[in-house]
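By convention in this document, chain letters (A, B, ...) are assigned in the order of the sequence lines, proteins followed by strands, and residues within each chain are numbered from 1.
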Amino acid sequence: MISPTEVVDIVLLILLAVTGVAVIRTRNLFAAVMLAGIYSLVSAGLFVVMDAVDVAFTEAAVGAGISTVLMLGTLALVGYQEHEPRHTPLLPLFVVVLTGGILVYGTTDMPPFGHPENPAHQHVAPHYLEESEHEVGHIPNVVTSVLASYRGYDTMGETAVVFTAMVGVLLLLSRGPLPRRVHHNGRWITVRPGTTREELEARMLAESGDEPEPVDGEGARG
Amino acid sequence: MSQNLPALLVVVPLLLAPLAALSGRAKIAWGIATAACWWTLYAAISLLLRVQESGVIRYSLGGWEPPYGIEYRIDLASAFVALIVAAIGAVTIPYAGTSIAKEVSEDRAPLFYTAWILMLAGLLGIAITGDVFNVFVFLEISSLSAYSMIALGQDRRALTSTFQYLIMGSVGATFIVIGIGLMYVMTGTLNMVDLAERLPMVESNRTIPVAFTFLTVGITLKLALFPLHLWLPNAYTYAPSAVTAFMASTSTKVSVYLLLRFFFTIFGEVFSFEQMRLNMVLMPLALIAILAISLVAIYEVNVKRMLAFSSVAQIGYMVLGISFGTVLGVTAGIIHLFNHALMKGALFMAMGCVMYRIGSVQLDKMAGLGKAMPWTMAAFVGAGLSLIGVPLTVGFVSKWYLVQAALAEGQWFVAGVVMVGSLMALIYIWKVVEVAYFQEPDPDHEIIEAPLSMLIPTWVLVIASFWFGIDATTTATVATQAAETLLGAMP
Amino acid sequence: MIALGLFNYWAVIVLMMVGFYTLIARGNLVKKLIGLNIFQTSVILMYVSFGKVEGGTAPILIEAAEHGAEAAEPILYSNPIPHVLMLTAIVVGVATLALGLSLVVRIKEAFGTVEEDEIQSASL
Amino acid sequence: MDDRVILRVGAKILIPFILIFALYVQFHGDYGPGGGFQAGVIFAAAFVLYALVFGLGNAIKVLPPKAAYFCGAFGVLLFVGVGYASMALGGEFLNYSVLAHDPTHGQHYGIIGVELGVLITVFGVMVALFYAFAGRRRLDR
Amino acid sequence: MSEGWIIGLTVLLPVIGAMAVLLLRNAPNAREAATLVAGGATFWNVWGLLRLVQDGARPRLDLLEVVPGVHLAFEVEPLGMVFALVASFLWPVTSLYAIGYMRGHHEENQTRFYFFFAIAIAGALGVAFSANLFTLFVFYEFLTFCTFPLVTHHQTEEAKRSGRIYLGILLTTSVGLQLVAIIGTWVLAGTLDFRTGGILAGTASTGLLSGILVLYVYGVGKAALMPFHRWLPAAMVAPTPVSALLHAVAVVKAGVFTVLKIAVYVFGIDLLQTLATTSWLAWAAAATIILGSLVAFQKDNLKARLAYSTISQLSYIVLGAMLANDLGIIGGGMHIAMHAFGKITLFFAAGAIMVAAHEKKISRMHGLGRTMPFTFGAFFVGSLSIIGLPPAGGSWSKWFLGMGTLEADQYGLLAVLMLSSLLGLYYLIEVPVKAFFFAPPEDAHHGEGIKEAPLPSLIAIGITATATVAFFVWPDLWYDLMTMVVGGAP
């Protein structure tokens, strides 16, 4: 007999599939980003159905929130339209079908979805559910006690990952003074920050008429 | 402090990384990075000595007993790999001080060194952790920092190659996560030792072979085994010199270590080799990597790229050793981890010196460098001899064990391929030697020797690659013991 | 939900493959990252499915007093471990995404395009 | 600019509530869903909203990029620092039980500390990321 | 000083000499004096060791353990003594010769030349004294690499090409075949030490051991068994003293010495006799002997002719080893010495002609004997030794080799030896005969301004030519040593 939650589960999964396929099909990147946001939001819903409220919360905040904002910010810089694919997608299709096939093969021996007797629910998890109250203290949300204490080291690593991402993005994107555009002999020239006057004059003399290569923003905000 | 040493090995860099980020000055950040690298070298050496003396060290992070908490579990293999990473870090950081000052703008340098420290911490974390999910977390720390450093290369293609690396690396990491999930669902644990105990109960199950497959594919993506190596040549070619040297000597090594850890400690060699017939897959791939990729290297005219392809081929050697599944083979693999780190580090550093002075590592630009930069090119030749496998260099020791492992299995053909591979290395190394020593330099360019701050670290590695080739008993003993531990031949 | 059997896993696998396909088949770098995002979200879905316990509730302990009448029977909770792991994975995912996007921005500035084949022809 | 009045007023009213909600998420993490990470994201979202409505320039005045950057690094320091504190008091790294006489109290302090570290880092990083992307102008325009 | 350290010092002395050469690079006279002093000292040391060996001692020096179970170690035994004597004696002699040649020919980079020359001798002595296969391999490769700068001394395109062939063939064979065989030996026998009677007996099927033997014999590329002989003529682009020492003495003899050593101390004569590939390899050597002679026959360039003659003569020694009996081994061992002295005389003469008359082609040397009688006289003596005619030392080694073929009932091989000597008679004796008795070519100016080579060179030629004759009268030194090798009383 199918229970109401199962119906919700199935409906959400179908919704996800539809969204996913729509992402593949659309050539409008703006739409794709939005659909990806929706995908995150719907999966957040699915997480709630599967009792993962913390994950749902985070997925909603990150997947639908931050990720979407970042992607939109990027699109504003790189344009909204995707080109027609030029090669036949046979190889990717093969890889995907193979990977999926292997995974499906792997699931065939798995205990049924949601069965309380699954080995995963028998070994370490019960310890957390039963003992965290004594060991960690009164923190009803077991996810929090596992996250911050039992597996606190992972969380520290996760914080470090976030920090690493910031370091990386700032290395790539930060810049100090923007390159200037200088008008010279009826043409505009882009000048990197830090160029001295002598260099500039020498370059103007040497300039043969080509538009200079795109400028790399050197210098950081700190 | 000493009982906390396992944690300190990793968390001292993790403490220093944000400090470097906040320092705001290139010099200070470099100083902090140097401190981090040298500290880890000290800690790694002490840990290795302690493991040799008193066996496996276990350290429960957060005080929670495994499998409830995360533990650090340091056996000889992990201590050895940690030592490799730390040693290379300690040698390359003085070098980076000079080369990065030229390749990366001053105001980005603090962030650069922060990324450097984070990468170091990530790699060390992978090497000593005893928890599979923790592996993933630290893998991401090291990968993300590697991406950001590679992207700083001066050529714009650095950006695209980083992107390619990011995509392939993320796919690899996701595959690893899938594999971990499948293992978890069948066993309910994430602790390596616990997994090793519980997996045999469910091995006949279809899920575990699939988990094994996903982990193997994921890790081989990270370690750039043919044919999943596509990201590596580009990334190594366009990254800043110091980063290439550091990465080439450490990050793929750590991935190889992971492969060992999963194959032998977690799944066990019986499952990996008898049930999954791993050698049927790994050995052909390794052999193709050795032959085909060496051939590609021969026709390459950008020397950094040539060396990068050579790295892919050398990874083939390591995987080949592992694919025998014997103590001798795994010893060969482990010892080549160390040896290749020394020689490839030195080679890339020599090329960094060339880059520093002439701004290019194209073969035709290197004419006459043997006279103009005698020490740099001598270092290149020295480390190159090692790559070829000339006796009394570390490269020979690797080959010695690898061929021995092959012959012990009666695989004369494989032994032949190993030798052909080293002869191909001779060809591509010699191409550089001929250009540098037999062609007249361009008289228009005044080229002078690289600065000492870059030459000395390079030579440290070159000398080390001879030292450990002349007296390989220490490394060989450690590698053999590590292999025995991994294969369970020793308690 | 046991009635669903393995269907849930299979559906999740299909979703994963949709993301994976977008990732490897598409030439637009932004689209690739969107694919990666979907791929990773679906993996999270898989993990969370692993943690689900039929008839269970979110792993937030309920006080005996609130629990009241049903005290005789132990309460079933869903498995918290996959949740914890996936919180980390989400964060790692967004970190990777941010770095990837900043690369895309720089690539656009350096090559004038974010289409893979055009970049390739531009860098020759 | 007149057509944005409603937006501005709305935002002005909304932002304090978002901040309070973030704090709630942070400190209610022990009892319900939530914690440092989610709270950090929400905090950052408040800032992003402010920046979108009042302009990047104004947002930078409220929270300079350097400050966001500092937060990103400081949170990590705080987290790691809690680990060192427990080490200094004789426990293993991140063993909060030694932070107070009663182990469960210690655990509690530790968890608050590291959650705060997570909050600060995530907030700082998210804002810094936003600044980095938003501050990058298209060159071909 | 213990005996062991004398070995160490002996190997080290050339290196010290090399360092001195480097230090004295700005003072040519002092530089060359340093070479000569080091050469003399080295020979003196070897002579001291010879006394010990003749008394039945086996001095040994264990340097270090490279990988567990594998040592870098020296041990002096009679066969190694033969090679060491040859190399250490001919080094100062060749240096003497080189002083005249290099100055007379105005060669560049003379310091580098003397430096690597000395280093190469250290390599050769290391090969001679090695106590196990590993040490032998180390010095074998070392010799390859440190002679590379000598081969490519002129740094021209041609030198570069030749260098490629040189390095390519020597490394391909040694790494691709020899090293595999060595590691195979290690896996089978668990040791790499040289032991009388061999270490491989009974460790594996004769089929496998036969295969390993093939790997060894072809893997020692320096023995120049066809088809791996191309490096030798290619290396002739080097200055003549290099060709003389390295390609008549150090490098090529390191090759055949290795073959002999492996035959005697790794396989053992008893085991060799049971292997299927032994006689097959003997015939491969025979083919090289004939083919090498035939090619030499056609070369007009004197150095090229000598090179092919060397290829042919080296296979005598391989053949001796593959005969797998005492006489063959004795003959092979003696031929190391006899051929060395004979061939180096020939090379010296060729170089002298080049310095004095600037002629490389035999056809242009007609009549030159009248202006350079001493040189061509020495050439004649050397030729006799190579062909195996009295009164030159070569006749003894050929005699024993011939006896060896009879002992092995290989009459066909005996015929090969005969035929080759006949060919040699023609292609070597042709040179002095035409030089003395033929009229010079019309455009040559042999009479004008050409005299004998510089004095140091002449002295060197005189020494080697005299020695060649002397060994006919007193071959006992070599014979006694080789008898000890095969287990007879000294």
Item checked: Spacing of Thr121(D) atom OG1 and Phe163(A) atom CZ [to the nearest 0.5 Å] -> 8.0 Å
Next item on the list: Check whether any side-chain heavy atom of Ile42(D) sits under 4.5 Å from a side-chain heavy atom of Phe57(A), and report yes or no.
Entry: yes
Check: Got a second to check how far Thr144(A)'s OG1 is from Ile111(D)'s CD1, nearest 0.5 Å?
Finding: 7.5 Å
Next item on the list: Specify which of Val169(A), Thr159(A), Val167(A) makes the most heavy-atom pairs with chain D at under 4.5 Å.
Entry: Thr159(A)
Next item on the list: Could you look at Glu158(A) and say if it's the side chain, the backbone, both or neither that has a heavy atom under 4.5 Å from chain D?
Entry: side chain
Next item on the list: With a 4.5 angstrom heavy-atom cut-off, could you sort out which part of Val82(D) is near chain A: side chain, backbone, both or neither?
Entry: neither
Check: Quick one: are Ile139(A) and His108(D) in side-chain contact, heavy atoms under 4.5 Å?
Finding: yes
Note to self: For chain D, which candidate among Gly73(A), Gly152(A), Ala160(A), Ser149(A) shows the most heavy-atom pairs at distances under 4.5 Å?
What the structure shows: Ser149(A)
Note to self: Using a 4.5 angstrom heavy-atom cutoff, name the option from Ala45(D), Ala73(D), Ala68(D) with the most pairs to chain A.
What the structure shows: Ala73(D)
Item checked: Non-hydrogen atoms of Met166(A) and Gly72(D) that approach each other most closely -> CE-CA, 4.1 Å
Notebook entry, point to check: Say you draw a straight line from CE of Met126(D) to CD1 of Ile66(A); how long is it, rounded to the nearest 0.5 Å?
Noted result: 5.5 Å
Notebook entry, point to check: Any side-chain heavy-atom pair from Val62(A) and Val41(D) closer than 4.5 angstrom?
Noted result: yes
Check: In terms of heavy-atom proximity below 4.5 Å to chain D, should Val162(A) be classed as side chain, backbone, both, or neither?
Finding: both
Check: So how far is it from Gln107(D) CD to Tyr150(A) OH, rounded to the nearest 0.5 Å?
Finding: 8.0 Å
Item checked: Reported CG-to-CG distance for the pair Leu170(A) and Leu129(D), which is rounded to 0.5 angstrom -> 7.5 Å
Item checked: Val125(D) versus chain A, the contacting section by heavy-atom distance below 4.5 Å -> both
Next item on the list: Apply side-chain contact (heavy atoms from CB on, under 4.5 Å) to Val76(D) and Met156(A), showing your working.
Entry: CA-CA 8 Å; Val76(D) 179; Met156(A) 187 191 76; over 6 Å; no
Next item on the list: Apply side-chain contact (heavy atoms from CB on, under 4.5 Å) to the pair Val136(A) and Thr104(D), showing each step before the final yes or no.
Entry: CA-CA 5 Å; Val136(A) 182; Thr104(D) 55; over 6 Å; no
Next item on the list: Look at Phe130(D), Tyr96(D), Phe79(D) and state which one has the largest set of heavy-atom pairs under 4.5 Å with chain A.
Entry: Phe79(D)
Item checked: Separation of Thr74(A) OG1 from Phe133(D) CZ (nearest 0.5 Å) -> 4.5 Å
